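Since the structure is predicted, the reported quantities are computational estimates derived from the model, not experimental observations. Letters A, B, ... are given to chains in the order of the sequence lines, protein chains preceding strands, and every chain is numbered from 1.
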Amino acid sequence: MRVRREKLARLQELEVNPYPYSFTRTHLSADIFQNAEQMMEKTVAIAGRLMSVRGHGKVGFGHVMDPQGRIQIYVRKDEIGDENFEVFKLIDIGDIVGVTGEVFVTRTGETTVKAQRVELLSKTLRPLPIVKEKQEGDDRVVYDQFADKELRYRQRYVDLIVNPEVRDVFVTRSRIISNMRRFLDDQGFLEVETPVLQPIYGGASARPFVTHHNALDFEFYLRIADELYLKRLIVGGYDGVYEISKDFRNEGMDRFHNPEFTMMEVYVAYEDYQFMMTLVENMVSSLAQEIFGQKIVTHQGREIDLTPPWKRVPLFEAIKQCTGKDLYGKNLDELRSAAKELDIELESFWREGKIIDEIFSAKVEPELIQPTFITDYPVELSPLAKRHRDDPRLVERFEPFIVGGEIGNAFSELNDPIDQRERFLAQQKLLELGDDEAQMLDEDFLRALEYGMPPTAGLGIGIDRLVMLFTDQPSIRDVLLFPAMRPEKSEGKI
RNA sequence: GAGGGUAUAGCUCAGCCGGUAGAGCAGCGGCCUUUUAAGCCGUUGGCCGAAGGUUCGAAUCCUUCUACCCUCACCA
């Protein structure tokens, strides 16, 4: 860095501003490559980060990276003049440059810009981790890749500069979200925004973050889900609403969980969970179609076929298929002994629903590779879902599973205010029994239901997990630009 | 929360049974007017993650701590 500062001083002696205000770019690299023949001998102005330099005395080559790729530049002292060549020699790898010149093809056949002028657009003070690469056929061979995960996550900006495949992941992420938004808009649903700071958290089973509001002198919770507010809007008369937003859950972190994560929730009046299953399989498969041009994605070496319709299997049926045990209607003792036979450890305060869920997670989930809807959950697991029309011990609920993981959760929404109150009261008992993830009773939400909510189908989709599936990433940290990390020592303290 | 792994130059890494720190790339100084992991010559660069201990002597052995990664558990 000392050397870079000296270069800054020398640039200033040459009356070069190392941080000028703008540069007019006429072409991106891909524009030039796509029409290489028409572009020959045309003058272009390109801009980007200088990623490599190969000096040859009075000549130099380098590659400039812009949002579409890398293009080679060729700098001759006799073309750009002595003074400009001095500036060129003071430019380091990593600096942002603008190059004006003519397009031509080198002896080795690479389309290149022959500089008439090289401008420094921003001087870097820190050296970039240099990544050298070579093209071998279609393969890009990278040498000494910037690979330290901690550094990559903490300094994502460097990761993005140096690792183009990381950049691609986040482009795909953005396209997934914008396509999903378009899909939902096309259905006529209204995108809304509901509070992040909530006096009562609800809509999911999880521990919340707590924060203090000074003016109101009140402890708010960061939302763990959007559900209860969106359903208030269905009560309010919007027939279809959705929200794409961050939720916050104060739980452990691993490759599937980050304390803040992105959720899409949608609620549709006059529909039920069957409608929602169709919506999910249509939405996810059409996303794949838009992004990959086909309904098949490859994840961790496995081909996943997203073509509708997806398999639909009731929960107890799935457990029976995987374990040979029919748990339907079994009492607490029978479930405990079944779990024991399957080598599943239980907490003392767990009730029937929780034990069933545990057995399902351990024995069935890992088997659900191709897209599958698991349907019809026990009522005590789902305090916000409507009872099954054929069986009051179940609810009309489903979760879509792909590659052994759930990517969402949906149900026919409970709109009976009396039943809803009873379910909340049952949750309160769980709270008292020590289940710190049981849901809170939300009196205002009940009041809303008492005003009448139409039959409604609701759905939540975990965007991050969907992005993991689509971008073939094994960890949620690889689909979050800035995953949660313990702060560096110098950070976070005043 | 349990177990395992990693931490050495800006980056990627080597460093054996303890003997005082090494390579490639980057950087810096040269040479080179079509190179592309450019090349050639020269050269700078390190509190060996932190703290303690054993020892005449520790990057290396031991203990503790910190951060990150992986697996499991928790968490839908």
Side-chain angles (χ1 to χ4, degrees), chain A residues 1-4 6-7 51-63 70-80 85 89 92-94 104-110 112 114 124-136 140-155 158-159 162-163 204-207 224-225 249-259 261 263 344-345 347 353-354 356-358 360-362 364-365 374 377 381-382 397 399-401 404-409 435-437 460 462 465 474-475 477-478 483 485-489 491:
Chain A
M1 277 177 65
R2 201 179 312 123
V3 179
R4 301 274 173 121
E6 285 165 15
K7 284 189 184 177
M51 296 305 284
S52 64
V53 179
R54 296 173 292 282
H56 290 263
K58 299 186 179 66
V59 171
F61 290 89
H63 276 95
R70 294 178 177 211
I71 186 164
Q72 182 167 261
I73 59 168
Y74 174 45
V75 181
R76 294 173 63 107
K77 193 175 184 178
D78 58 9
E79 287 281 337
I80 68 171
F85 200 75
K89 286 209 289 192
D92 289 295
I93 291 176
F104 80 113
V105 177
T106 62
R107 202 185 281 167
T108 51
E110 181 164 350
T112 300
K114 187 194 286 179
T124 54
L125 294 181
R126 288 177 189 271
L128 213 53
I130 298 301
V131 178
K132 295 222 165 192
E133 49 185 78
K134 178 166 72 173
Q135 204 69 31
E136 270 188 6
R140 208 171 117 262
V141 185
V142 179
Y143 297 84
D144 298 339
Q145 185 162 29
F146 177 63
D148 183 294
K149 284 194 175 177
E150 180 175 359
L151 283 178
R152 286 185 43 222
Y153 297 148
R154 287 195 192 280
Q155 301 183 30
V158 177
D159 192 25
V162 151
N163 292 322
S205 303
R207 278 169 294 190
I224 60 171
R249 296 187 185 175
N250 206 340
E251 317 263 16
M253 295 162 59
D254 60 30
R255 68 196 184 89
F256 295 106
H257 298 86
N258 194 67
F261 62 101
M263 181 92 109
I344 292 165
E345 288 184 25
E347 297 285 344
K354 181 70 186 164
I356 292 166
D357 188 44
E358 205 58 29
F360 173 78
S361 301
V364 184
E365 263 193 51
I374 297 296
Y377 287 67
L381 275 177
S382 317
R397 171 183 177 188
E399 296 189 331
F401 287 86
E406 46 141 339
I407 59 159
N409 185 19
D435 183 349
D436 54 1
E437 290 174 354
R465 293 189 187 173
S475 168
R477 293 185 201 95
D478 293 315
M485 304 278 276
R486 195 176 293 276
E488 290 181 75
K489 285 207 180 78
E491 284 181 45

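For the pair R477(A) and P129(A), both in contact range of RNA chain B, the more 5′-proximal nearest nucleotide belongs to P129(A). Mapping A204(A) and I93(A) onto RNA chain B by nearest heavy atom places I93(A) at the nucleotide closer to the 5' end.
Between R76(A) and U34(B) there is no side-chain polar atom (N or O) within less than 4.0 angstrom of OP1 or OP2. Residue R486(A) places none of its side-chain N or O atoms closer than 4.0 Å to OP1 or OP2 of U66(B). For K354(A), a side-chain nitrogen or oxygen approaches OP1 or OP2 of C75(B) to under 4.0 Å.
Base pairing of U35(B) is not made with any nucleotide, judged by Watson-Crick or G-U wobble geometry with both donor-acceptor distances under 3.5 Å. Nucleotide A50(B) is matched to U64(B) when pairs are restricted to Watson-Crick or G-U wobble geometry with both distances under 3.5 angstrom. The partner of G3(B) is C70(B), judged by Watson-Crick or G-U wobble contacts that both fall below 3.5 Å. Nucleotide G10(B) is matched to C25(B) when pairs are restricted to Watson-Crick or G-U wobble geometry with both distances under 3.5 angstrom. Across all strands shown, C56(B) pairs with G19(B); the Watson-Crick or G-U wobble distances both stay below 3.5 Å.
Across A59(B) and G19(B), the matching C1' atoms stand 13 Å from one another, rounded to whole Å. As rounded to the nearest Å, G57(B) and G18(B) have C1' atoms that lie 8 Å from one another. Nucleotides A50(B) and C31(B) have their P atoms positioned 41 Å apart, rounded to a whole Å. G10(B) and G45(B) have their C1' atoms separated by 10 Å, given to the nearest Å. Distance check on atom C1': U43(B) versus G5(B) gives 37 Å, rounded to whole Å. Separation of the P atoms belonging to U60(B) and C17(B) is 13 Å when rounded to the nearest angstrom. G15(B) and G27(B) have their P atoms separated by 27 Å, given to the nearest Å. Taking the P atoms as reference points, C11(B) lies 16 Å from C48(B), given to the whole Å.
Partners of F61(A) under the ring-ring contact (aromatic ring centres under 6.0 Å, His included) rule, at least two apart in sequence or in another chain, are H56(A), Y74(A).
Listed for the R465(A) side chain is a donor-acceptor partner under 3.5 Å among the backbone atoms of F256(A). At distances below 3.5 Å, at least one donor-acceptor pair connects side-chain atoms of N163(A) with backbone N or O atoms of F146(A).
At whole-Å resolution of the value, CG in D78(A) and C1' in C32(B) are 15 Å apart. Distance CZ (F146(A)) to P (C13(B)): 12 Å, rounded to an integer number of Å. Put simply, CZ on F104(A) is 11 Å from C1' on U33(B), counting in whole angstrom units. The distance between atom CZ of R70(A) and atom P of U35(B), rounded to the nearest whole Å, is 20 Å. Spacing between atom CD of Q145(A) and atom C1' of A37(B) amounts to 14 Å, rounded to whole angstrom units. Per the geometry, CD belonging to E110(A) stands 16 Å off P belonging to U34(B), to the nearest Å. The separation between D254(A) atom CG and G3(B) atom C1' is 16 Å, rounded to whole Å. The distance between atom CE of M253(A) and atom C1' of C75(B), rounded to the nearest whole Å, is 13 Å.
The side chain of E251(A) lies closest to C75(B) when the candidates are A67(B), C70(B), C75(B). Distance from the side chain of F61(A) is smallest to U34(B) among U34(B), U71(B), U12(B). Distances from the side chain of Y153(A) to the nucleotides C69(B), U33(B), C75(B) place C69(B) closest. Comparing atom distances between the R154(A) side chain and each of C69(B), A67(B), U35(B) picks out A67(B) as nearest. For Y74(A), the side-chain atoms get nearest to U34(B) when compared with the rest of C70(B), U34(B), G27(B). The V59(A) side chain lies nearest to U33(B) when the options are C28(B), C68(B), U33(B).
As judged by a 4.0 angstrom heavy-atom cut-off over every strand, R255(A) is placed among residues touching the sugar-phosphate backbone only. Using a 4.0 Å heavy-atom distance criterion, N409(A) is classed as a base contact. Contact annotation for L128(A): no contact, since no heavy-atom pair falls under 4.0 Å across all strands. E358(A) comes within contact range of the sugar-phosphate backbone alone, with a heavy-atom separation under 4.0 Å but no base atom that close.
Side-chain contact between D478(A) and Y153(A): present, with at least one pair of heavy atoms (C-beta onward) separated by less than 4.5 Å. In this structure, the side chains of E133(A) and R70(A) come closer than 4.5 Å at one or more pairs of heavy atoms. You'll find the side chain of F401(A) stays beyond 4.5 Å of the side chain of V364(A), heavy atoms only. Counting heavy atoms from C-beta outward, K89(A) and K7(A) have side chains that stay 4.5 Å or more apart. Using a 4.5 Å cut-off on side-chain heavy atoms (C-beta onward), H257(A) and E251(A) make no contact. Between K132(A) and S52(A), every side-chain heavy-atom pair lies at or beyond the 4.5 Å cut-off. Side-chain atoms of V158(A) and R126(A), non-hydrogen and from C-beta on, never get closer than 4.5 Å to each other.
Taking the O4'-C1'-N9-C4 or O4'-C1'-N1-C2 dihedral as appropriate, C32(B) has a value more than 90° from 0 and is therefore anti.
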Any N/O pairs under 3.5 Å between the protein and nucleotides 38-44 of chain B? List them or say none.
unit_1, atom_1, unit_2, atom_2, d
A38(B), OP1, K132(A), NZ, 2.2
A38(B), N7, G55(A), O, 3.4
A38(B), N6, G55(A), O, 2.5
A38(B), N6, H56(A), ND1, 3.4
A38(B), N1, H56(A), ND1, 3.4

